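Nothing here was measured: the structure is a model prediction, and the numbers come from that model. Just follow the structure's listing: the first ligand is 1, and inside any ligand the first atom is 1.
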Amino acid sequence: MDTYDVIIIGAGIVGSALGAVLGRDGRRVLVLERDLTEPDRIVGELLQPGGCKALEELGLSDCLVGIDAIPTYGYGILHSDQTIMIPYNDLEDPTISQGIAKTDLDSDPKKLLTGRSFHHGRFIQKLRQACASAPGTELKEATVTDLIYCEMTGKVIGIECIQRLGGPEGSKTKHQYLGSVTVSADGCFSKFRKQALARPVTSTSNFVGLILQDCPLPFPNHGHVVITKRSPSLLYQIGTRETRLLVNIPGKLPSTSNGDLKRYMQAEVLSDLPKSLHSCFLQALENDRLRSMPNSYLAPSTSSIDGLIVLGDAMNMRHPLTGGGMTVGLKDVALLRKLLSPQALPDLAATDMVMAQIQCFHWSRKYYSSTVNILAQALYALFSASPEDTLMVYLQNACMAYFQQGGSCISGPVGLLSG
Ligand SMILES: Cc1cc2nc3c(=O)[nH]c(=O)nc-3n(C[C@H](O)[C@H](O)[C@H](O)COP(=O)(O)OP(=O)(O)OC[C@H]3O[C@@H](n4cnc5c(N)ncnc54)[C@H](O)[C@@H]3O)c2cc1C
């Protein structure tokens with residue numbers, strides 16, 4: 001049976017980045033992903049400046065090049081008839097935050113001070129290429145079905161998976177691989193976190209996603225938050241011609257199959273959007289498939305099982321309104337890389353020392369993850385206040401008035417949000 005230093009379940013944002021850096025650091029790594037074709041998802045499309053910096057620190061910033069990524073310079077908030085511009089901090093050149101499009105990433109002098117928005121699948125494929133080409137890493141298409149436990153100690157010592165040999169029509173075969181450490185980075189619907197974490201996942205709303213073509217955004221090169229009486233929506237360009245719209249729908253989602261969701265979008269959402277977007281929105285409603293994802297919250301915790309680390313969305317989630325998930329995930333990879341480096345931990349089979357480093361990881365990550373998590377949950381509660389909740393509406397208006405002050409009333413919050 002093949003043995004590795006680290007087995008990673010899932011080659012999404014976190015698994016691919018971790019596989020790339022651990023392999024470059026001299027570890028023998030196996031990354032298993034159930035589907036290596038380019039994902040087509042409505043998640044993970046805007047990377048905050050802090051995430052871009054983390055990517056740079058990991059030596060992976062090339063993954064943002066050649067994917068038609070759009071530089072983002074901050075946010076625009078549309079609230080009733082007010083608009084508020086919230087530029088990211090440290091932009092020395094004010095013309096940039098006024099929305100002058102600069103899409104050539106390689107010649108962008110502000111590379112580290114901006115965010116990027118893109119097609120999620122294109123970014124993932126770049127991360128997977130980096131992962132597969134790392135000297136110590138193998139990336140295989142396989143669905144992990146079970147963890148293998150040591151009968152004596154209860155420690156996780158590897159995984160069992162199903163691999164399809166010889167293309168999509170090939171036969172399915174079962175394989176087992178052993179590893180000193182197994183990392184479950186299998187995303188928001190994680191199968192393996194249930195065995196290791198006690199905390200529950202809660203979801204109170206869904207984002208419904210559409211792609212608008214050639215859409216004239218009020219603030220080019222900015223994320224847009226449209227705050228309405230009903231719920232917030234997000235808009236940002238993800239390619240030269242495509243703009244992502246995410247509509248937050250609280251409670252039970254209307255059915256897609258009987259057309260209720262489409263009717264809801266026409267009746268409830270259209271009038272909330274700026275008039276300049278109406279024709280793009282109606283066209284997208286006709287031509288694009290309505291897709292949804294639950295917006296979940298999961299407080300972070302450490303695995304109770306020796307030999308198993310749970311990471312990424314499998315371990316910690318917050319409402320995606322503030323686009324913080326990838327930034328936290330990439331910062332986690334950077335921190336874990338240091339804690340598991342061959343200098344810090346020569347032998348990954350020393351389980352007690354690995355688990356001690358994981359405790360250290362749990363506490364050390366709080367300074368960046370808590371800020372993003374709390375801000376995401378708090379802003380979502382504020383921006384989705386129901387009109388009947390007069391106190392929350394009062395707070396919402398106060399928040400807008402605060403942002404209108406400019407200066408540190410903007411640079412403070414956006415500094416926290418941008419990671
Ligand atoms: C609607 C929505 C919008 C979002 N928008 C943003 C945003 O704009 N910016 C941002 O920073 N964050 C955003 N997020 C959050 C972000 O998408 C996640 O934080 C990020 O994708 C988490 O990365 P991950 O590697 O943990 O999981 P994923 O990227 O989901 O990767 C998990 C991988 O595991 C694989 N896998 C699962 N099970 C198995 C198995 N049994 N065997 C093998 N492979 C398996 C999956 O195929 C997948 O490739 C959004 C989230 C939602 C819900």
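Within the structure, the closest approach of L47 to ligand 1 does not fall below 4.0 Å when heavy atoms are considered. Between F189 and ligand 1 there is no heavy-atom distance shorter than 4.0 Å. Residue contacts with ligand 1 include G324, since one or more of its heavy atoms lies under 4.0 Å from the ligand. Proximity of A142 to ligand 1 is established by a heavy-atom distance of less than 4.0 Å. Within the structure, the closest approach of D35 to ligand 1 does not fall below 4.0 Å when heavy atoms are considered. Look at C188 and you'll find every heavy atom at least 4.0 Å from all atoms of ligand 1. Residue contacts with ligand 1 include E33, since one of its heavy atoms falls under 4.0 Å from the ligand.
In terms of protein heavy-atom proximity, atom 15 (C) of ligand 1 is closest to G325 CA, 4.0 Å. Looking only at protein heavy atoms, the nearest one to atom 42 (N) of ligand 1 is V144 N, 3.0 Å. Atom 29 (O) of ligand 1 has its closest protein heavy atom at I13 N, 3.3 Å. For atom 25 (O) of ligand 1, the closest heavy atom belonging to the protein is V14 N, 2.9 Å. Protein heavy atom at the shortest distance from atom 4 (C) of ligand 1 is G44 N, 3.4 Å. For atom 44 (N) of ligand 1, the closest heavy atom belonging to the protein is R34 N, 3.2 Å. The closest protein non-hydrogen atom to atom 53 (C) of ligand 1 is P294 O, 3.6 Å. For atom 51 (C) of ligand 1, the nearest protein heavy atom (residue, atom name, distance) is P320 CB, 3.7 Å.
Judged by distance alone, the side chain of S303 and the main-chain N or O of I305 form a donor-acceptor pair under 3.5 Å. Under a 3.5 Å cut-off, the side chain of E141 and the backbone N or O of L36 do form a donor-acceptor pair. Within the 3.5 Å criterion, the main-chain N or O of V43 finds no donor-acceptor partner in the side chain of R244. Without hydrogens or angle criteria, Q48 side chain to G324 main chain gives no donor-acceptor distance under 3.5 Å. Looking only at distances, no side-chain donor or acceptor of Q237 sits under 3.5 Å from a matching main-chain atom of A69.
Looking at L22, V14, L55 one by one, the single match for side-chain contact (heavy atoms from CB on, under 4.5 Å) with V333 turns out to be V14.
Considering every non-hydrogen atom in both R116 and T72, the closest pair reads N-OG1, 3.5 Å.
Residue contacts with ligand 1, taken as heavy atom pairs separated by less than 4.0 Å, involve E45 solely via the backbone atoms N, CA, C and O. Within the 4.0 Å heavy-atom criterion, neither part of C161 lies near ligand 1.
Backbone and side-chain nitrogen or oxygen atoms of H120 are examined, and none is located within less than 3.5 angstrom of a nitrogen or oxygen of ligand 1.
Atoms of ligand 1 lying under 4.0 Å from any heavy atom of L46, numbered from 1 in the order shown and given with element: 7 (C), 8 (O), 9 (N), 10 (C), 11 (O). Near I42, meaning under 4.0 Å from any of its heavy atoms, are these atoms of ligand 1: 3 (C). Taking every heavy atom of Y236 and a limit of under 4.0 angstrom, the matching atoms of ligand 1 come to 8 (O). For ligand 1, the atoms lying closer than 4.0 Å to a non-hydrogen atom of F207 are 1 (C). For ligand 1 and G312, the ligand atoms under 4.0 Å from any heavy atom of the residue are 26 (O). The contact set between ligand 1 and R41, taken as ligand atoms under 4.0 Å from a residue heavy atom, comprises 28 (P), 29 (O), 30 (O). Annotation for ligand 1: atoms under 4.0 Å from non-hydrogen atoms of L32 are 43 (C), 44 (N). Heavy-atom contacts of R128 reach the following atoms of ligand 1: 49 (O) (cutoff under 4.0 Å).
Remark: R28 does not engage D5 in a salt bridge, criterion side-chain N to carboxylate O under 4.0 Å. Ion pair R337/D25 flagged as a salt bridge, since at least one NZ, NE, NH1 or NH2 atom sits closer than 4.0 Å to an Asp/Glu carboxylate oxygen. In summary, R128 and E38 do not engage in a salt bridge, as defined by a charged side-chain N under 4.0 Å from a carboxylate O.
In this model, no donor atom of one side chain and acceptor atom of the other lie less than 3.5 Å apart for N295 and N206. N258 and S255 share a side-chain donor-acceptor pair at under 3.5 Å. At a cut-off of 3.5 Å, with distance as the only test, no side-chain donor of S276 or H278 sits close to an acceptor on the other residue. A donor-acceptor contact closer than 3.5 angstrom links the side chains of N248 and H319.
The option with the heavy atom closest to atom 27 (O) of ligand 1, from among P39, G12, G187, is G187.
Counting only residues at least two apart or in different chains, side chain to side chain donor-acceptor pair (under 3.5 Å) contacts with residues 408-419 are absent.
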- Query: Stepwise, does the side-chain hydrogen bond (donor to acceptor under 3.5 Å, both in side chains) test hold for D186 with S190?
  - Reply: CA-CA 5 Å; D186 53 342; S190 170; 2.7 Å; yes
